[in-house]
2 protein chains.
Amino acid sequence: MKSNNPDFAELLREYGSKATPGRVTLLKVLWQEDKPISVAGLKKKLDPSFDEVTLYRALESLTASGLIREVDFRHGHAHYEMNALREHHHHIICTSCGRVEDTECRVQEAKLTKASAFRIITDHTAEFFGLCNSCIKTA
Amino acid sequence: MKSNNPDFAELLREYGSKATPGRVTLLKVLWQEDKPISVAGLKKKLDPSFDEVTLYRALESLTASGLIREVDFRHGHAHYEMNALREHHHHIICTSCGRVEDTECRVQEAKLTKASAFRIITDHTAEFFGLCNSCIKTA
DNA sequence: ATCACAAACGCAATATACTTGCAATTGAAC
DNA sequence: GTTCAATTGCAAGTATATTGCGTTTGTGAT
Ligand SMILES: [Mn+2]
Ligand SMILES: [Mn+2]
Ligand SMILES: [Zn+2]
Ligand SMILES: [Zn+2]
């Protein structure tokens, strides 16, 4: 739970989307989550009448606009988190208990454009996998 | 195509796998590839009698042992590349033409264990997406 | 060389994650 | 309030990967 909720309808419009009731609710759920959430997780938090296909299409659309972001935790399905109004970052995931921690981005894309045949790098992934301290103890 | 082929059967045994004819062939194909290849790509290069389920199980097993590595190009399916006998690295992928280039790893996992509640980091992903120089020109 | 057995295989069935087609609805711009 | 592209809802479909299970095989031990 967070305070100072942004105006989700306005935010959606700023990113070129229509501010439908479903998308406003979806965005609110993503805002309240403190870590990337799966489609299954979203369905549980949303009204059962929220159509699954509509959900997939909203996620695709909002990801394309950059309002939200898709993250790969190697669970065989996508996770999503708020991208706007947040600082760019990555994650450390415990492969034993699933615990997730944000971690600051230390990647410098600019250096890569000098070392490669790519002049434009738009985006990158960087997730870390390991064991959190409580899982180390019980191991 | 590369010269100085390693002994694939011996390599498989070193990584705790049985050196079956199928796995030896699979490993050879992965060795000859210069970039991560999909399951569909592998099937094309392998004998049609190579069972698909056997292929999936071999990939899972060899990935678990660290002999090969799974890479996510955001194509909706996995890609695999040789991991043993190679230096750890990452990739830059052109989102327009699919061109792939290796890039050296600049990530320092050790620094992360100090900044987080994780003492053990075993693994990380880091792939870069952008436009290669020939796709920039034609854009 | 033979044996024992876990690992790997082959085939059919199944599961999960996600996509497509299309008619109906609706938010936003004018 | 009219217009229209964006979005929705439902049904059907696709792609990717997994599971179950009986059979085969590579490997280490004798
Ligand atoms: Mn998950
Ligand atoms: Mn591919
Ligand atoms: Zn980053
Ligand atoms: Zn690395």
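In what follows, every chain begins at residue 1, and chains take the letters A, B, ... in the order their sequences are listed. No hydrogens, no waters, no symmetry mates; every other heavy atom, side chains included, goes into these values. Quick caveat, the model's predicted, so the values are computed rather than measured.
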- request: For the pair F73(B) and H79(B), name the ring-plane relationship: parallel under 30°, tilted 30 to 60°, perpendicular over 60°.
  value: tilted

query: What distance separates L67(A) CG from L26(A) CG, expressed to the nearest 0.5 Å?
result: 9.0 Å

E60(B), CD atom: more than 12 neighbouring heavy atoms under 6.0 Å: no

query: Are any of the side-chain heavy atoms of D47(A) and T25(A) separated by less than 4.5 Å?
result: no

query: Within a strict 4.5 Å, meaning less than it, do heavy atoms of the L131(A) and T95(A) side chains meet?
result: yes

statement: Outermost contacting nts on DNA chain D, any atom under 4.0 Å from chain A heavy atoms, listed 5' then 3', are dA5(D) to dA11(D)

Any residue meeting ring-ring contact (aromatic ring centres under 6.0 Å, His included) with F128(B), in chain and number order, not counting sequence neighbours: H124(A)

- request: Please determine if R74(A) and E127(A) form a salt bridge, counting it only when a charged side-chain N lies under 4.0 Å from a carboxylate O.
  value: no

query: Angle, rounded to 10°, between the helical axes spanning five pairs at each terminus of the helix from dA1(C)-dT30(D) to dC30(C)-dG1(D)?
result: 50°

- prompt: Do H90(A) and H88(A) have side chains that get closer than 4.5 Å, going by heavy atoms?
  reply: yes

field: Per-nucleotide protein contact string for nucleotides 21-30 of chain C, where B marks a base within reach and S marks sugar-phosphate only (heavy atoms under 4.0 Å, - for neither)
entry: BB---BBS--

List every contact pair, protein side and nucleotides 16-18 of chain C side both N or O, where the distance is under 3.5 Å.
residue: dA17(C); atom: OP1; partner: H77(A); partner atom: ND1; Å: 3.2
residue: dC18(C); atom: OP1; partner: A78(A); partner atom: N; Å: 3.2
residue: dC18(C); atom: OP2; partner: Y56(A); partner atom: OH; Å: 3.3

statement: Taken to the nearest whole Å, CG/D51(B) to P/dC11(C) is 6 Å

statement: Value for OG1 (T125(A)) from CD (E70(A)), rounded to nearest 0.5 Å, stands at 11.0 Å

task: Using the test side-chain contact (heavy atoms from CB on, under 4.5 Å), find all partners of T54(A) that sit at least two apart in sequence or belong to another chain.
output: F50(A), D51(A)

message: Is there a side-chain contact between H77(B) and V39(B) in this structure, where contact means two heavy atoms from C-beta onward sitting under 4.5 Å apart?
response: no

